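Below is one structure, written out as structure tokens; the observations come after it.
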Protein chains: 2
Amino acid sequence: MASASTRHNIIEIADDLFYRGGFEATSFADIAVKAGISRGNFYYYFKTKDEILDAVIDRRLQRTRAMLDGWEAQAPKPRERIVAFIELLIANRAPIMAHGCPVGTLCAELAKLDHVHQERAAEIFGLFAHWLEKQFRVLGADEAAREWALHVLAWSQGVASLATAFKDEEFIRREVADIAGWLDGRIASLSN
Amino acid sequence: MASASTRHNIIEIADDLFYRGGFEATSFADIAVKAGISRGNFYYYFKTKDEILDAVIDRRLQRTRAMLDGWEAQAPKPRERIVAFIELLIANRAPIMAHGCPVGTLCAELAKLDHVHQERAAEIFGLFAHWLEKQFRVLGADEAAREWALHVLAWSQGVASLATAFKDEEFIRREVADIAGWLDGRIASLSN
DNA sequence: GCATTATTTGGACAATTGTCCTAATCATGC
DNA sequence: GCATGATTAGGACAATTGTCCAAATAATGC
């Protein structure tokens with residue numbers, strides 16, 4: 001059945017184009033050309049632009065869950081799991097310096113457009129927040145777990161934001177090391 | 001001379017609309033309607049959309065300089081000056097939760113558009129970074145001044161980013177208090 | 001091999017985009 | 001009060017937007 005794979009391919013292309021150029025600036029035509037289908041065929045799968053956005057957000061939610069599950073499977077200790085999250089900044093430094101964080105920039109754009117899918121996009125942040133909170137809870141941080149999770153998330157967002165503006169790779173590495181240092185400080189404070 | 005005030009008015013309206021809706025999503029027509037002038041008259045002042053963006057960035061640079069100068073004039077101590085910067089997040093919490101940080105979101109959008117004025121927009125960040133660095137230097141942080149300045153800037157950016165996504169005012173207040181706490185810790189570490 | 005879907009195509013559509021021009025109106029100096 | 005230049009109005013323009021449709025083609029079940 002060609003339908004499922006064609007649909008999947010459209011979502012994949014749209015996801016990439018939305019990330020690299022933004023949702024509003026990416027047109028039906030852009031996606032169709034890159035996906036190698038006619039604009040008419042496009043309409044067969046998605047009636048409106050918002051429907052594609054919805055599918056792209058779904059895909060990102062799904063891939064985020066898979067990534068978080070992967071980290072849990074690969075690293076047994078919460079500290080290493082959290083470090084894996086932080087080091088995303090280094091692993092993705094090139095696209096981040098070019099186009100920012102995929103989650104943060106999408107949320108920011110949808111906020112400006114006052115878009116209905118604004119909250120669904122924020123759910124991706126929610127996944128990270130909840131996952132980080134879980135790791136901190138395993139570490140023994142009870143009341144502070146939620147706050148620490150949001151703090152790590154915010155910190156990494158800030159690093160991505162400045163990295164996009166200044167294109168400074170050294171800055172990313174330094175801040176990632178600082179976050180890791182902060183993390184170890186928190187962990188040490190728990191054993192008292 | 002009507003020319004100067006009309007031109008100034010256009011820039012002011014464009015600045016606001018670019019912030020609230022984004023550069024790409026704001027049209028000539030939007031600005032003209034809101035400014036109460038005809039689209040034809042618009043062209044008399046600005047030939048291209050990039051020219052308006054250029055003027056808006058100029059205006060933001062100028063207002064940022066004025067704000068930073070104001071803080072220096074009002075607060076004699078560097079600590080209070082830096083706190084004034086951090087508390088921008090609280091003072092502007094409503095628009096930040098609705099449309100993000102004006103500087104961060106503009107830089108992110110221009111990065112995605114691969115726009116020529118990308119670096120000029122990043123200059124606004126540069127003003128904040130340089131000013132913060134100066135304050136830390138007065139405090140006695142020599143080699144660390146630049147790093148600390150970028151750290152505070154990134155931190156506040158991250159808070160703005162998550163605040164836009166989650167619309168969580170309590171989170172903003174908590175993080176601002178944390179930044180102030182971190183700042184006092186740095187200051188204390190300097191007197192050793 | 002025929003009938004019925006599923007899929008794809010190319011283009012129509014009204015609206016909007018940034019850009020540009022001409023003609024009218026205004027203000028000012030003399 | 002007239003001439004000159006500054007300012008404004010309104011619309012033309014080609015291109016592009018998201019949306020939608022009818023007809024052609026491909027795939028499938030019987």
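Keep in mind the model is a prediction, meaning the values are calculated, not measured. Order of the sequence lines sets the chain letters (A, B, ...), proteins ahead of strands, with each chain counted from 1.
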Does a nitrogen or oxygen in the side chain of [X] sit under 4.0 Å from OP1 or OP2 of [N]?
| X | N | value |
| --- | --- | --- |
| A/Thr6 | C/dT8 | yes |
| A/Tyr45 | C/dT8 | yes |
| B/Tyr44 | D/dT7 | yes |
| B/Tyr43 | C/dT19 | no |

Using whole Å, report how far [atom1] of [X] lies from [atom2] of [N].
| X | N | atom1 | atom2 | value |
| --- | --- | --- | --- | --- |
| B/Phe46 | C/dC20 | CZ | C1' | 17 Å |
| A/Asn41 | C/dT7 | CG | C1' | 6 Å |
| A/Ile52 | D/dT19 | CD1 | C1' | 11 Å |
| A/Phe23 | D/dG18 | CZ | C1' | 11 Å |
| B/Ile31 | C/dG18 | CD1 | C1' | 11 Å |
| B/Phe42 | C/dT19 | CZ | P | 10 Å |

In terms of side-chain geometry, is the basic nitrogen of [X] or [Y] positioned less than 4.0 Å from the acidic oxygen of its partner?
| X | Y | value |
| --- | --- | --- |
| B/Asp15 | B/Arg63 | no |
| A/Arg173 | A/Glu169 | yes |
| A/Asp16 | A/Arg20 | yes |

Using the 3.5 Å cut-off, write out each protein N or O paired with an N or O of nucleotides 13-17 of chain D and the distance between them.
| residue | atom | partner | partner atom | Å |
| --- | --- | --- | --- | --- |
| D/dT17 | OP1 | A/Ser27 | OG | 3.3 |

Checking B/Lys49 against B/Phe23: charged group under 6.0 Å from the ring centre and within 45 degrees of the axis?
-> yes

Is the NZ or CZ atom of A/Lys47 both under 6.0 Å from the centre of the six-membered ring of A/Tyr43 and within 45° of that ring's axis?
-> yes

Of B/Asp50 and A/Ile37, the one whose closest DNA chain C nucleotide lies more 5' = A/Ile37

Short side-chain donor-acceptor distance under 3.5 Å, B/Ser38 and B/Asn41 | no

Any donor-acceptor N or O pair under 3.5 Å, side chains B/Gln135, B/Glu72 | yes

